[in-house]
Structures are given as structure tokens and as C-alpha cells.
There are 4 protein chains.
Amino acid sequence: MKKVAILGATGFTGEKLVELLLSHPEVEITYLSSRTAKPVAYASLFPRFTHRLDVLCSPLDISAAAKKADIFFLSLPHTVSMRYVPELLRKNKKVIDLSADYRFPSAAVYKKYFNTAHLDKKNLSRAVYGICELNRNQITGADLIANPGCYATSVSLALYPLVKNNAIMPGVWVDAKSSVTGAGRKALIEYHYANIEGNIWAYKPFTHQHVPEIEQTLAHAGMKLKIKFIPHIVGIEGGIYSTIHVEFNSKATEKKVLSWYRQAYRQAHFIRVDAGLPALKNVIGTNFCDVGFALSPNGKEAVVASCIDNLVKGAAGAAVQNMNIQMGWDETAGLR
Amino acid sequence: MKKVAILGATGFTGEKLVELLLSHPEVEITYLSSRTAKPVAYASLFPRFTHRLDVLCSPLDISAAAKKADIFFLSLPHTVSMRYVPELLRKNKKVIDLSADYRFPSAAVYKKYFNTAHLDKKNLSRAVYGICELNRNQITGADLIANPGCYATSVSLALYPLVKNNAIMPGVWVDAKSSVTGAGRKALIEYHYANIEGNIWAYKPFTHQHVPEIEQTLAHAGMKLKIKFIPHIVGIEGGIYSTIHVEFNSKATEKKVLSWYRQAYRQAHFIRVDAGLPALKNVIGTNFCDVGFALSPNGKEAVVASCIDNLVKGAAGAAVQNMNIQMGWDETAGLR
Amino acid sequence: MKKVAILGATGFTGEKLVELLLSHPEVEITYLSSRTAKPVAYASLFPRFTHRLDVLCSPLDISAAAKKADIFFLSLPHTVSMRYVPELLRKNKKVIDLSADYRFPSAAVYKKYFNTAHLDKKNLSRAVYGICELNRNQITGADLIANPGCYATSVSLALYPLVKNNAIMPGVWVDAKSSVTGAGRKALIEYHYANIEGNIWAYKPFTHQHVPEIEQTLAHAGMKLKIKFIPHIVGIEGGIYSTIHVEFNSKATEKKVLSWYRQAYRQAHFIRVDAGLPALKNVIGTNFCDVGFALSPNGKEAVVASCIDNLVKGAAGAAVQNMNIQMGWDETAGLR
Amino acid sequence: MKKVAILGATGFTGEKLVELLLSHPEVEITYLSSRTAKPVAYASLFPRFTHRLDVLCSPLDISAAAKKADIFFLSLPHTVSMRYVPELLRKNKKVIDLSADYRFPSAAVYKKYFNTAHLDKKNLSRAVYGICELNRNQITGADLIANPGCYATSVSLALYPLVKNNAIMPGVWVDAKSSVTGAGRKALIEYHYANIEGNIWAYKPFTHQHVPEIEQTLAHAGMKLKIKFIPHIVGIEGGIYSTIHVEFNSKATEKKVLSWYRQAYRQAHFIRVDAGLPALKNVIGTNFCDVGFALSPNGKEAVVASCIDNLVKGAAGAAVQNMNIQMGWDETAGLR
């Protein structure tokens, strides 16, 4: 049994990591940290883990943590992870960072979107972008994995087969709908039940920080796209539904498009593809990404829809899948 | 047109008051206050009032307010209202206080439940407890009305006909379910959408501050009850559903019980009574209180259920109804 | 007081019409019909109308109905309205049809989208398409008004100012999110709470029957658009949020775009425009349509978002507004 | 690997059984039936099982089924199970019946509550009532297990320690709140999203069919209680929250009451007890039953609250736990 630590264990993502790792056959949770004032039983903070987990949640002490675990999940805010990663790598730990800190090889892109200088430039090149189905080889054995953003996962996986087949025009509209849990567990009036229930609104039009992730991933796959991304908050408990509008280079058929997807994902257990448009609820609580599509009557355009549980395939589940690949374990361990 | 002010206009109750008073035929909103740093357009805080209301929301200045309005709704936190009521009464304003500050003739009861000394004992006796259907006569022409608590309204109205007919045993269990909006618009992790959605929990068992209100109201009606009150927060957007368990003094029949209710409320437009158990959604967005009941097979006990919209009949709607009675207007004005 | 009838009074739209007309100052509800087996009190079907409405709901008898009312709202399924409209017009009734039966001057378009021959071609030319803010003049005094579809209203109002100013390219992507109430009150497993709660799915891609309505309305306004429409069902209780992706003919500025909207809607009480993206909840329960927009960084594209309550501005509210214009009453009567 | 069949695999409970059994280490699903017209891939009915389960769902053929499986879960409607159980027992199958058909040793009680004669009286005495924590010994090795009702589980587990210690008066009020999924997957207007969302109503007061189950279970534990049971439907997605009002025989203390619960459940992994009142969401998606309580200030009464996921601990999870005990496996297998 490998020992795992979760730094930042009380956010939505940290909590989901605890849940998933608890039933993982190869690991044992040995260290949990949060901004708590002093160590407390994790199950006292989250009673749903009573009778299931008997570990303290402590203020983060990176040296103490390093003594207790082999694999580190960093579920810390952006700009915080990079303060701890160098020491963990120095001590030969395996690191899976769920923040955006190591997603971009370029410190300039990071600065543009996060408005702060990168503090650990030297490890940027060491990081592997952990979009499992597309980067499996680089992930295997990597020391530092940058777990992708939730929107980025849902959109990159949906577009990859089209990009790989060089099938679409570069301008792509994405209309994404997300549960508010994607924004983190914050005590804001905006996230009060009475404001979220039954509400929908669009935000950060064109400028969301996941856009460069998507464009970078798809550039590696062969096309320089221009993603016009409009995220929305929707009053649902979990999940992301991304509706993507593409124009084909040349007239397409349902059969051909389906073959591109099936071919691209024939070995991807967690991606389920079919013609037609998926429903979000089928993936909630799972690590699956369901992708479907429909062609316009004239075959020149299509809508592609992709859905994931934003806290599983969009965060903690992908992180576990990354660990599985990294360590050479069954890719689905702990995720079935 | 009378001029009305709402002090504390940005809470759930204050916002609902604005909505109701906007369509009231006899009044015009002329003053709104909140804990804002400087005056701002109310509609900029609540865009849903754009094109509907063109009034500023200002930091509370009681003298300025007194110059602008005749009728004052105080939708302020408990212990705050009593700082402003004396001046308003001195200036001959009509006051409807939605806090608990004037609900108890006894300063000792207030101190017990709100843990602070009362600052305006002299006006306590001047206040009329504004449970419209039971205190209509005293409300007419009153200067200071203490608008009842939401749970108290739902329970007192449900029990009153039984008490008036001296029909039940003193021990009464109340199991009340409320939307979280009853707790006020607060930026707490506990009220985050992700915690409320799909959740139910009981709180403040036996000790909720609405218990003495209910007992006091029903004592006036003729019985000293012992209310065992268990409130719950339920993941719904609005409303209170109170399920009340009573034991009859002697065997009852559905017909007899129904006659007690019909008799007690034959002139109460906003109370709808029927045998059988009501559904909450029928009262949402309205000032109605729906009451129903079912007898145990042996006729010795009954469950009585009562439902209201906690922000309307349980707060702002009752306040408007109180104003209507107070001013001698049609009791249903602005509430249809 | 004019007498009004609602044919099809038990669907979501019929029920909302009852609610709105009940508080309308110029009318009185005198006739309600549904597929009930025999006449029953409407309030017994919908207890929320107890103490508010004392009218029977009867099996539809068009001759009896014609004797009882002057103005007819037809909230009947598509293909059913056209069976009754001819007789009502012959008897000089004012008719507001909420089905799609009279929305298209062309019987061929109707046949294409509703898969049935039109039975009342001769009255097609007499019908006025009732999109209030755009067709006010024709609506005034009209005998037969075809109330627009909910999606069509939200999209046409959002695009009209851009079309009128000939500002955009013809290809327009629309990503619309709707409450399931738009699909009618049907006993389907698909609409069971457990399937809708927390779910999102896209349906009828490119082929929804509201597309020709939108294209026809905007053609009248000056541009032949190609609307690529992707509707979604979202697990919320009410409302439509339409997110629209447009490309400008030439670079635009926020100021210029805002001026187009303000100019187009300077007399439209129920359309609220602002730069930035609106939130759905601000319009729920109202007849408002909130429209906002955001430009891409290069000013060549924009996202426009529009939201309405699908049962009010998207159906019953618009129908009342149409009646108000038709009859020469205050356009906002019964809708404040 | 034992082979398991689920008869009635498309209801909420059957679907949950599939989910749980899929990750159970000792079994393999080999047969699924429903009221389908012909065999279809189960994953085509429930796309969320795509890539996870490759079994057909067939019209029920009990002989064919008997050839394919060793252990049978009957998730059939009441009055249907008893048609198939005799043959399964004759063929030496292990049977876990989730209907009410074998919950009562007395055919008379069955007839009273289900209004039909029992067809398999001879096997009634062979059935073991499968409330795991209380009947573990009888369940071990049993052939036929009657899985308890959801409300019955939540209430019996909450009251058992008090009954065992003979601590309370016989009259007990129970106010239970349940998700609508407890009523089965039915295409009723009543279960339409628009009716459930935000709604609460009480139903079947005093007469719910789970009452005799509770009374029977607690009679075995030592007290003949009179349960006054008021169930409610609440607009939440899953779970039951039972709030129970008890009167002690003699004054109690929190410490003493807590010791009764801890003692009774010291070996019950799936029951979590604490002073204070639990929150429903902590058990959703799990097989736990959380129980808490609060004493009245005078120590003479208490409110006990218990919560479960109605489809897990209240149905499918308990059925799996029963199988585990029956077969001598780790009681928590497949349930962590």
C-alpha cells in the first residue's frame, strides 16, 4: 500500500479525493491538511466520513507531510501549489497538482491568466499535463502531473478526435454549463442556496482561464483553434455540460464522425461515445466523460456535447486516474 | 398615497416587502435603508427591480427617514429595531416591526430568548402582536405592531381553533420544516447551495425563540400549552410546513373538527381550511395559510398541518396585511 | 369588465393565464375548459386558487363558451386550436392563440414542422404574430393574435436590434436552456422529478419548431438569418436562458451595441437591456425579458444572452400583454 | 463468484441494486428482468451503465432465470413477488425479496395492509425479516429474506435501543420526510418535476403500511409500541429523515441515552450514533444510518432523528448487506 497525502483536503475537490482514495485498493490516506487552526479529526469536519476514515486534518506542515506519504495530491488554490511542489520533488515524492500552477509550460501564459509571476519556473518543464486519454505515455512514471481544469477536460476530450482528423474550422464556440461547486467552497452571498437554486447566468465570456489550456492541448493534437468560450453557472448540484459548435472543413456524415470518435477513444474506458446528445445525469458520481454529437441537416456543421462530473472526471477522479497511470496500476482502480 | 419606508431593505424579508409594496394601491415607497456604505440605486443591488422602482438605498439615517415617510417597516435584526422605534413613535409614525423586539410584553422573556436586555421597555406595552386573524381589533389604529415570527404564525393559526374550543391536551409536538431563507441572507458555508440542496436537518430542538410566541398567543386564546417544537431546514426554496401532533380531550370527529376551523376562520380570507393534509406549493408566493388535518383511526388524536410562504404570510405579507388593518384599508390590498 | 375564457386551462400555460388574469383590472374570467370528463370547480383541480376563483372548469363546448366570453385565450395543443378559431372569429370574438397554429402565414411551413395539413388556411392571413415589442401596431385592434413560442420570444428579442442595424453575419448559433415546464404538463417518466433534478441535456438540435418563427420575425426586421438552434432541458423550475453567438459585419464597440439596444427598446417597458450578462432569476415570475451582451476582445464577435420566464413572457404574460395592446389598454395592466 | 439475478431491474431500487452489485467482490450479475417486451441491453435502458455492464434485461422467465443465477433479488411490486418465490425456493435458490410480501409472519396483517390474500402462506414462516443489525443471527444462512421497508428501517433502528432498555412510553409520534423516489418510478403527473420541486406534503397519516413492520420489529425487541406515523414527500432527490418524538418512562440524561445507543450498536458498522441531530446529506449514497437525539430541557422527553438513503440502506444497500450476512461474507462487502 502506498501512502497518500492530500494538501487542501476540505475544499470540494479535496473532499472528493478523500472519498475516492478511501476505496482505492493500492493506497492508504496518511496525511490531510487544510487551513484549520489545529489538528482535528477529518470526520469531525465531514461527518459523512465517520466510521470510514480515522485521520487527522492538520495545518499544512510540508516537512511533516513529506515524512508521512509517498504520493501527494495538491488541492490547493492557484498560486499556492507552487510554493510546496519544489520541496516535494526534491524529496522524490510523486505529485499530482490539481491547481493551475503547472498546466502551462510558459510562465508568461500563467502570468497573463493568473496575474502573478510564477515562483517555480524550473519545474514547469518537468510537469506533464495530465489529460489521461491523450497523454498516457508521458504520464507514466512522471514525477509531477498537472491535473487539467474541469472545463478544459470536458472540451478538450470532445474536440480532440475532430482536431486529430483535421476536420474542423478553427473558430469554435463553446457554451458550457457548470454546477457552482466548480467555483470552490466559499462563503459568498452569491453562492447562497437562494441565489443558485433555479438560476442560470453566463460569466467571464471569452476570457476564462481554461481557454489557454484547451487551445494548448488541441495545438499539440494538431490544430490551432480559436476557442470562444462562454461558461455558465446553473442551479444544479454537480457536473459540466459543454455544448460545442463546430464547422467542418468539408461536408461530413454521422458515420464518419462517429468513426473518428470511436477510433480516437477505442482504448479509453472512461470515454463513452455515441451519435446523439448525452444527458448529464448519466455521468454524475462517475469518472466517465460522455460525448455525443449531431450534424446540421446540410452536414457542414455539428453540435458536439460532452458531460462530466466536474468533481470526478473534472478534478479528483482524473487525479486518481493520473496516479494510476503514473504508478503503472490498473487505470480504473478506485474509479469503478 | 401614504409614504412608506423599509429599514433593512436588503434581507430576504426586506426585498419581499419591496416587491409587495410596489404593487400596493395605497402606498408609495419613499425610503429604503441597508448597511450599504453610501446611497445606491436599489435596483442596482437587486436588478430584478429595474424598470420597477427608482429609489435609493441608503445607510440608515433615522431623522432623514422620518422626514420622508409616514409608515415604517423595520426589517432589522433582533436587538436593532428597538434602537429606532422610540424616535419613530415620538414622531407619530406608524411602525410595523418585523423583528422580535416587541413581540413580548415581558422584557424578561425577551432577555431569556435573545440574551440581551431590552432597551425600550416603555413601548413594550404599546406594541400590538400582529397576528392578523386573531388580533384584528387591537391592530386597527395601533401605532406599533410586532409582526409575528414565521414559525409562530404557521403554528398559532393551526392550533387556535382547537385551543379556542378547549379541545386538546396541553402537550403538543410540532415538527416544522422550513426553507433556509427563514434564517436570513447570510454568507455562511452552511447556506452554500451544495450544503442545502437535497439536505434536511433538525436544529434548536425544544428551544427555538418562536416557542414563547406561540405559547403566549395560545394562552390569550384560552389554553396554556406546552409546545415541543422541532424545526428543520429543508432544501427547498421557500415555505414552512408545520406538522402538529395533538391529543384531543375527548374523542373527536372530522366533522366537528372541521366546524371548529371553519367557524374560527369564516372571515379570514387568507386562511384556507379543509379536511385532509395540504401541500406547501399551493401557498408559495401568496399570503395564504393552508390548514388541514387528519384524525387517528380512534378519533383521539390528530395531525394538523399548516403551510405558508415563510417570506409572505410568515413575514412581509403579514406585515402588509397588518398595515392594511392598521390603516383601515381593505385587508387584502396589495396581497391578491 | 370584459369577459375572458381560457380554453385549455389546466396545462402549465393555462394555469399561469388564470393566475395573471385574476389580478387584471379590466377582465373577469368567466369560462374555463379542459379535457375533464364533467364540470368541476377549477380550484378543486388547483387548490392554490381556493378563495381566489370560483369558476367551473368544463369539457370544451365552443358554443357555450362563445356565449360566456368576449376574449378567448386558446392554450390548446398545436393542431387543436385551428378547429375552434373559425367559429370564434365568426362570432366576432377576440382570439389570442397560444399554440403554433397561426404563427406562420404559410401553411407549407406549418405542415413541414407540425407534420399535418392546416385546417383553417383562410384565417392564416388574418392572424397577427404577437411579438408585442416588434408588432405593436398590427396587434392593436387585431382579431386573431398568434402568441409567439417561448424560445422564439427570447431569441427574436435578443437579435432584433442587431438585425435592424444590419450588424451581424447571417450564421447565428443559439444555445438555449429551458425549464422542463416548457414541454407541457405530461405524465412521462422522462419528466419525473428524479430524472430532471440535476440533469441537463440537449435535444432537437437544428430542427426545433421555433426556428422558423425566429427566422421569419427577423426576416421582417431586415435580415435573412440562418439560426443554428440547440435547445436544452435543464433541471430548474422555470425560465429560459438563451445564449447567442454572433459575428459582426464590422468591428463593434460596447457603446455602439448598447445604443442599438437602447434605441430599439426605448419604449419597451418589459425589455431591460444592459451591457454584461444577465441572470435568469431576475425575471422569474415577471413579464420582463432581460438582455445583455459581451464583446469578444477583438470586437468582431459577441455573445448575447436573453432570459425570460418561459410561462410568463414566454407564454401567458405575453398573451396578456397582447390582449392589452389589442384592446387599447395600458400595456402593463395585470403584469406589474 | 456467485451468480446473481435481479427480477425487476428497472425500478429505482432495481437500478440501485445493479449499481451496488457491479462493484461487489463476490458476485457477478447474470440475469436481469423487467416488464420490457423483449430482451434489450440493460445499458441501453440506463446509459449510465455503458462500459460497465453487458447483460440483457429480459421479460421475466422464472425457469430461465433459475438456470442462470444462485442468488435472487426480487425488486418486484408487492403481491408479485409471492408468485415467484415458491419456485425459487424449490430450486434451492437464495432469495432476498425487497417487496412487502414476506415481511409479516401473519397473512392476516398482510391482507389488512395490502388488501389481497397471500398466495404463499406456507413460506411465510420460512422468511427472515432482514433488518440486519437486529436479526443478524437469523439472517445467516437463511433461504428467504424479507428486506425491510425504507421507513421501517429508519424508524426501527432509531427506536430499538430505547425499546431494548424499556425506556419509553408506548405512544410514539413519527414525522418522516422522504424523497419521492421511495414511491417507485411511475409516470404520474404528481411526480412531475414541477410538482415535486420545492414541495412538501404529508400523506397516509396513521395508516402507512410500514407501521405494522415497525411495531412488529419493536415488539420482538420487547415493547408493544403505538406508532403514530406521518410520512411526508419532500422535494429532495434522495433520502429519508425520520424525526421521532418519545416520552421517557423516567427522567433521562444525554449520557445515559447515548450509552444505550452505543451499547446497542457497538458492532454495527453502518449505524453511526451521536448526541445531537444528524443531517441527511451525510448518508446520501451510502449504506449508513445516522442516528442522533436531543433531550427536552426537563429530561422527560426526547426527539430522536434518523436518516438513511432510502434507496441504499432503505432498500438495495440493505439487501446487499443481507446477502453478505446470509452468505457469510464480510458484512460491508460492496458497500464501502
Side-chain angles (χ1 to χ4, degrees), chain A residues 171-179 190 194-207 226 228-247 276-282 284-285 290 292-298 300-305 307 309, chain C residues 171-179 190 194-207 226 228-247 276-282 284-285 290 292-298 300-305 307 309:
Chain A
V172 172
W173 282 99
V174 179
D175 190 288
K177 300 112 188 122
S178 175
S179 158
E190 193 179 11
N195 188 44
I196 298 294
E197 174 65 9
N199 213 347
I200 300 179
W201 70 85
Y203 68 106
K204 288 195 192 172
F206 302 104
T207 59
K226 177 77 196 122
K228 303 157 203 177
F229 184 70
I230 315 295
H232 299 68
I233 295 297
V234 174
I236 55 170
E237 187 161 6
I240 286 178
Y241 195 100
S242 292
T243 310
I244 304 173
H245 309 107
V246 296
E247 219 177 315
L277 299 169
L280 178 60
K281 220 159 171 176
N282 291 325
I284 295 301
D290 283 3
F293 61 89
L295 271 63
S296 65
N298 65 11
K300 291 186 183 160
E301 294 163 302
V303 57
V304 180
C307 44
D309 185 316
Chain C
V172 172
W173 282 101
V174 179
D175 190 288
K177 300 111 188 126
S178 175
S179 158
E190 193 179 11
N195 188 45
I196 298 293
E197 174 64 11
N199 213 346
I200 301 179
W201 71 84
Y203 68 105
K204 288 195 190 171
F206 301 104
T207 60
K226 176 75 196 126
K228 303 157 202 176
F229 184 70
I230 316 295
H232 299 69
I233 295 297
V234 174
I236 55 170
E237 187 160 6
I240 286 178
Y241 195 100
S242 293
T243 311
I244 305 173
H245 309 109
V246 297
E247 220 177 314
L277 299 169
L280 178 59
K281 221 160 171 176
N282 291 325
I284 296 301
D290 283 3
F293 62 88
L295 271 63
S296 65
N298 65 11
K300 291 186 183 160
E301 295 163 301
V303 57
V304 180
C307 44
D309 185 316

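For clarity, every value in this text was computed on a predicted model and none was experimentally measured. Below, chains carry the letters A, B, ... as their sequence lines are ordered, and counting in each starts from 1.
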Could you state the interatomic distance from [atom1] ([X]) to [atom2] ([Y]), rounded to the nearest 0.5 Å?
X: A/N199; Y: C/L280; atom1: CG; atom2: CG; value: 6.0 Å
X: A/F206; Y: A/K226; atom1: CZ; atom2: NZ; value: 8.5 Å
X: A/W201; Y: C/D290; atom1: CH2; atom2: CG; value: 14.5 Å
X: A/K177; Y: C/K177; atom1: NZ; atom2: NZ; value: 4.5 Å

Contact origin within [X] toward chain A - heavy atom pairs under 4.5 Å:
X: C/I233; result: neither
X: C/V303; result: both
X: C/I230; result: side chain
X: C/N282; result: neither

Practice prompt. Between chain A and each of C/S296, C/S179, C/A302, count heavy-atom pairs under 4.5 Å; write down the option with the most.
Written response: C/S296
Practice prompt. Look at C/G292, C/A294, C/G238, C/A305 and state which one has the largest set of heavy-atom pairs under 4.5 Å with chain A.
Written response: C/A294
Discussion item. Quick one, C/L277 with A/H232, criterion side chain to side chain contact (heavy atoms under 4.5 Å, CB included). Give me CA distance, side-chain angles, the key distance, then yes/no.
Written reply: CA-CA 10 Å; C/L277 299 169; A/H232 299 68; over 6 Å; no
Item to complete: Under the side chain to side chain contact (heavy atoms under 4.5 Å, CB included) rule, what do A/K228 and C/H245 come out as? Steps first, then yes or no, please.
Response: CA-CA 9 Å; A/K228 303 157 203 177; C/H245 309 109; over 6 Å; no
Worksheet item: Quick one: of A/T243, A/L295, A/I284, who has the most non-hydrogen atom pairs under 4.5 Å with chain C?
Response: A/T243
